S.K.: 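Encoded as structure tokens, here's the structure I'll be asking about.
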Amino acid sequence: MTVRTRFAPSPTGYLHIGGARTALFSWAYARRFGGSFILRIEDTDLERSTPEAVQAILDGMNWLGLNWDEGPFYQTRRMERYREVIQKLLDEGKAYYCYASKEELDLMREKQMAEGLKPRYDGRWRPEPGKTLPAIPKDVPPVVRFRNPLSGKVEWNDLVKGHIAISNEELDDLIIARADGTPTYNFCVVVDDWEMNITHVIRGDDHVNNTPRQINMLRALGADIPQYAHLSMILGDDGQKLSKRHGAVSVMQYHTDGYLPEAVLNYLARLGWSHGDDEVFSMEQFCQWFDLDHITSSAAQFNTEKLNWLNAHYIKQADLGRLSEDIRTRLADMAIDAVQGPDLVQVVTLYRERVSTLNELAEQIRFFYALPPTPDAEALQKHMTPEILPVLKGLVATLENTEWSAEAIHHALANTVAENGLKFPKVAMPLRLALTGGTQSPSIDQVMTVLGKQETLKRLSAYLS
RNA sequence: GUCCCCAUCGUCUAGAGGCCUAGGACACCUCCCUUUCACGGAGGCGACCGGGGUUCGACUCCCCGUGGGGACGCCA
């Protein structure tokens, strides 16, 4: 049997980090076993689904490189088929019309809650042999309910959580078609998983409670029951449930914030799944290793610091051309033109080992292309001392007649330091301030090399006149 | 409230009865490297939720408790 997995988001918002991990695992499982990964858009909630959200999900998937083999299938385009199946269930007596109004149902639930019971439909419109149904009200359009078994239990061996059994007495006759005739989520999932021949349903564990209902419907339809794997949720950095206030909940936000997709992917893969002591690995390796046996069944807290560490790692590994182009765009977004001036590839090479995000990288090298920010007055006072000025003047004089190579600049600097009997930082610090505006940078001779002779001398002269 | 799920360092995790004086990674601390800050290298700190069983032996199995989380919609 060929493995067929699916990712079935509802387009009511962007692709968030939890959804991305679910997609990643489904995708990897299909890849691992040479199966197919299907993308299905669950847009039956007409009120909340938007084309923008669909696009956001597609963008997120594409950015991460989670390519799908079939789809995207839209449930709204399969309405005809759902109606057919509903009619079939109706005809076979496996579903029935219910005329209870929303108000009536609310009242029922309230009462049940008050009695300490689990709120569930009481089957008032469920036909039974010898049972008299209420008189059909005139102006209540009926919903269709699935006739769930009354006794026994539904069991399955969850590939992540192990054996789970839920009594049918806990379940009720769920609505499969609304009053307006449109099918509901749990029903569409069943029909789709069935007809798309899904073999492994990998999804968030908020669906554990839907599973027994879906299994019952699958059985009523005579369909094969897929294997289920319920993934635990991802908690925010603060251990709380992920929500808007956590900021970067959308995967694309990570792109905006300067993360490389391979870092996000690697981080997500390792969140709730493990392969011995392996921490850093490619998606190729992941697809070879991934299994459902090593998924943790407990919730995992998101840790930005570890993501940062991975991102730093991947920035160091990244193709220089690709990295530079990305940075060029980020600089442009900061209204800085990196087409003129020092060679961006050289600048990026010099700085990539020092940052953990691309935004940080862009931020740190901006002074190469824009004017250096004004150095901190206190730092200036401390390092740009009257005693050092003549030394700097001497250095500039030497530099003016120096061929602009890393080696030559280094020699000029070293000689100046030696001739004046100084420690290296004594000279390097004021240079750093004048050239970069800050007290931290790579070796100052390397910065000078990349900055260029003209610009270096120009920036120094501002302090020496 | 009812049902379901979960429980190892601060965080992500290894661990499928003896390999565990519980391993790795992030973070943190110390030292080294050093032209500042990073990077890198070497060390260090740091955990099996509690109580009962089962067993010669339990982080691992069972039960109870406690604590988290999820689900109970004409949302998905």
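A quick note: this is a predicted structure, and the numbers were derived from the prediction, not measured. Basis for what follows: all heavy atoms, side chains included, without hydrogens, waters or symmetry-related copies. Each chain gets a letter, A, B and so on, in the order its sequence line appears, and its residues count up from 1.
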S.K.: Suppose you measure atom P in B:rC9 against the same atom in B:rA14; what distance do you get, rounded to whole Å?
M.R.: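 Between the two P atoms, the distance is 12 Å.
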S.K.: Taking only the P atom of each, what is the distance from B:rC31 to B:rG67 in whole angstrom?
M.R.: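 Looking at atom P only, B:rC31 and B:rG67 are 44 Å apart.
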S.K.: Quantified in whole Å, what is the C1' atom distance between nucleotide B:rG70 and nucleotide B:rC63?
M.R.: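 Here B:rG70 and B:rC63 have their C1' atoms 24 Å from each other.
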S.K.: May I ask you to say what A:T439 touches in the nucleic acid, namely base, sugar-phosphate or nothing, with a heavy-atom cut-off under 4.0 Å?
M.R.: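 Result for A:T439 = base.
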S.K.: Considering only atom C1', compute the distance from B:rC19 to B:rC29 and round it to an integer number of Å.
M.R.: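 Going atom to atom, C1' in each nucleotide, I get 31 Å.
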S.K.: Is A:R77 positioned over the aromatic face of A:Y74, cation under 6.0 angstrom from the ring centre and no more than 45 degrees off axis?
M.R.: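 Yes, cation above the ring, under 6.0 Å and within 45°.
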S.K.: Side chain of A:N303 only, please: which of B:rU35, B:rC3, B:rC26 is the nearest?
M.R.: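 Nearest nucleotide to the side chain: B:rC26.
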S.K.: In whole angstrom, what separates A:Q301's CD from B:rC26's C1'?
M.R.: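 Taking CD of A:Q301 and C1' of B:rC26, I get 13 Å after rounding.
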S.K.: Would you indicate what A:S274 reaches in the nucleic acid, counting non-hydrogen atoms under 4.0 angstrom: base, sugar-phosphate, or nothing?
M.R.: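 Answer is sugar-phosphate: A:S274 comes under 4.0 Å of backbone atoms only.
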S.K.: When you compare B:rC3 with B:rG23, how far apart are their C1' atoms, in angstrom units rounded to a whole number?
M.R.: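 Per the computed distance, 38 Å lies between those C1' atoms.
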S.K.: Is there a stack between A:W309 and B:rC26, judged by ring centres under 5.5 Å and planes under 30°?
M.R.: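 Not stacked: fails the 5.5 Å / 30° test.
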S.K.: Hey, which sits more toward the 5' end of RNA chain B by its nearest nucleotide, A:Q446 or A:E279?
M.R.: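 Nearest nucleotide further toward 5': that of A:E279.
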S.K.: Using atom C1' in both nucleotides, what's the gap between B:rG10 and B:rC4 to the nearest angstrom?
M.R.: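 Each nucleotide's C1' atom is 29 Å from the other's.
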S.K.: Please measure how far the C1' atom in B:rC33 lies from the corresponding atom in B:rC20, and state the result in whole Å.
M.R.: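 It works out to 35 Å between them.
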S.K.: Tell me which of A:M429 and A:L271 sits closer to the 5' end of RNA chain B, going by the nucleotide each one is nearest to.
M.R.: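 Result of the comparison: A:L271.
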S.K.: Nearest whole Å is fine: how far is B:rG15 C1' from A:W273 CH2?
M.R.: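 In whole Å, B:rG15 C1' lies 16 Å from A:W273 CH2.
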S.K.: Between B:rC56 and B:rG15, how far is it from one C1' atom to the other, in whole Å?
M.R.: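 It comes out at 22 Å once rounded to the nearest Å.
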S.K.: If the test is side-chain hydrogen bond (donor to acceptor under 3.5 Å, both in side chains), which one of A:T304, A:N308, A:N311, A:T357 qualifies with A:Y259?
M.R.: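 Option passing the side-chain hydrogen bond (donor to acceptor under 3.5 Å, both in side chains) with A:Y259: A:N308.
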S.K.: Is A:I17 close to A:F302 at the side-chain level, that is, under 4.5 Å between some pair of heavy atoms?
M.R.: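 Answer yes - side chains close enough.
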S.K.: Against the six-membered ring of A:Y121, is A:R145 placed for a cation-pi contact (under 6.0 Å from the centre, within 45° of the normal)?
M.R.: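 Flagged: A:R145 positioned over aromatic ring of A:Y121.
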S.K.: What is the distance from CZ of A:F7 to P of B:rA76, rounded to the nearest Å?
M.R.: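 So the two atoms are 16 Å apart, to the nearest Å.
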